[in-house]
Every structure is written in structure tokens, then in C-alpha cells.
Amino acid sequence: MSDRPEELSDLVIEVVDSIPAGRVMTFGAIADYLGRGGPRGVAGVMARHGPEVAWWRVVRADGTLPPYLMFDAQPHWLIEGTPIRHGIVDVRRALWQPDE
DNA sequence: CGTGTGACTGGGC
DNA sequence: GGCCCAGCCACAC
């Protein structure tokens, strides 16, 4: 089959947009699911297209986000009922995979 | 086409 | 639990 070098941006955005409320995915998990880009590649997409997606549903492997986003992310996690532990996302419980 | 940088990650101290 | 370092991939200049 023809693997078209579809833009990583569109692929990442599509995955993020498919994450249900109350769940999250790590940068590495998204990269691993797509099999391309790597965590840095996903990060680059979020940095550029973050505002147009549910950016608060994409967190680091330890369930945190950069300080400037942690502040705005809190209410989103609270409203969506995202599993929180010590003020940060409990990735062990909140992590979601498209295969489900 | 080489270099630098980033919303990352895991391992070591 | 924290900080530091090296590896990683895509993109901008």
C-alpha cells in the first residue's frame, strides 16, 4: 500500500480529538500508536496546533504539563472528572488507548 | 543540506 | 522525590 507521508500534524490532531473526556494520553503513547514522530514530534505538533484541540488531554508521562498550562488545565480535568492524584493527572488510571 | 530547538522519556546519581 | 544527561524525531532557518 502506498504510505503517503501524511502530515504528522493532522494525524496527531485526529488522535487527540478522539480522546474521550475524563481520559488522557501521553506524548509517547500517541507517538507509539501512530508509530511515528516520537514524543518530540507529537510535542512539536501540540506546540503549533495545541489551541485547536483538547490539549489538556495530552500530558507528560508523569501526568504533568508545563507550569503555564498546568494552571489552565486544572479546571478542565476537574470538569471532565479526570483521575487526579496530588494535583496532577493519575496517568495510571486516566491513560486511554484508541484500541479500547 | 547542516545546525539548533522543542508542550518528551528513561536511566543514573 | 529531585536534578542532570543522552537519545529521540520533526520542523524552521
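Below, each value reflects all heavy atoms present in this structure, side chains not excepted, and no hydrogens, waters or symmetry copies. Every chain is numbered from 1 and lettered A, B, ... according to where its sequence line falls, protein lines coming before strand lines.
- Minimum heavy-atom separation, E52(A) to H49(A): CG-O, 2.9 Å.
- We find the CD-CH2 distance between Q74(A) and W56(A) to be 14.0 Å, quoted to the nearest 0.5 Å.
- The nucleotide range of DNA chain B contacted by chain A, defined by atoms under 4.0 angstrom from heavy atoms of the protein and reported 5' to 3', is dG6(B) to dG10(B).
- Nucleic acid contact for G28(A): sugar-phosphate only, since backbone atoms but no base atoms lie under 4.0 Å from a heavy atom of the residue.
- Remark: the backbone N or O of M46(A) is not paired with any side-chain donor or acceptor of W55(A) at under 3.5 angstrom.
- Nearest-nucleotide positions on DNA chain B for G44(A) and T26(A) put G44(A) closer to the 5' end.
- Summary of the strand contacts: G41(A) and R48(A) both lie near DNA chain C, and taking for each the nucleotide with the nearest heavy atom, the more 5' one is attributed to G41(A).
- Atom CD1 of I13(A) is separated from atom CD1 of I30(A) by 11.0 Å, given to the nearest 0.5 angstrom.
- Note on R60(A): only backbone sugar-phosphate atoms sit closer than 4.0 angstrom, heavy atoms only; bases stay farther off.
- When the C1' atom of dG1(C) is taken as reference, atom CD1 of I88(A) falls 12 Å away, rounded to whole Å.
- If you chain together hydrophobic residues whose side chains sit under 4.5 Å apart, F27(A) and Y68(A) fall into the same group.
- Atom CG of D32(A) and atom P of dC8(C) are 16 Å apart (whole Å).
- Residue pairs that meet the salt bridge (charged side-chain N to carboxylate O under 4.0 Å, His left out) test with at least one member in residues 58-85 of chain A, sequence neighbours left out, are R57(A)-E80(A).
- Atom CG in L8(A) sits roughly 7 Å away from atom P in dA10(C) (whole-Å rounding).
- As judged by a 4.0 angstrom heavy-atom cut-off over every strand, A47(A) is placed among the base-contacting residues.
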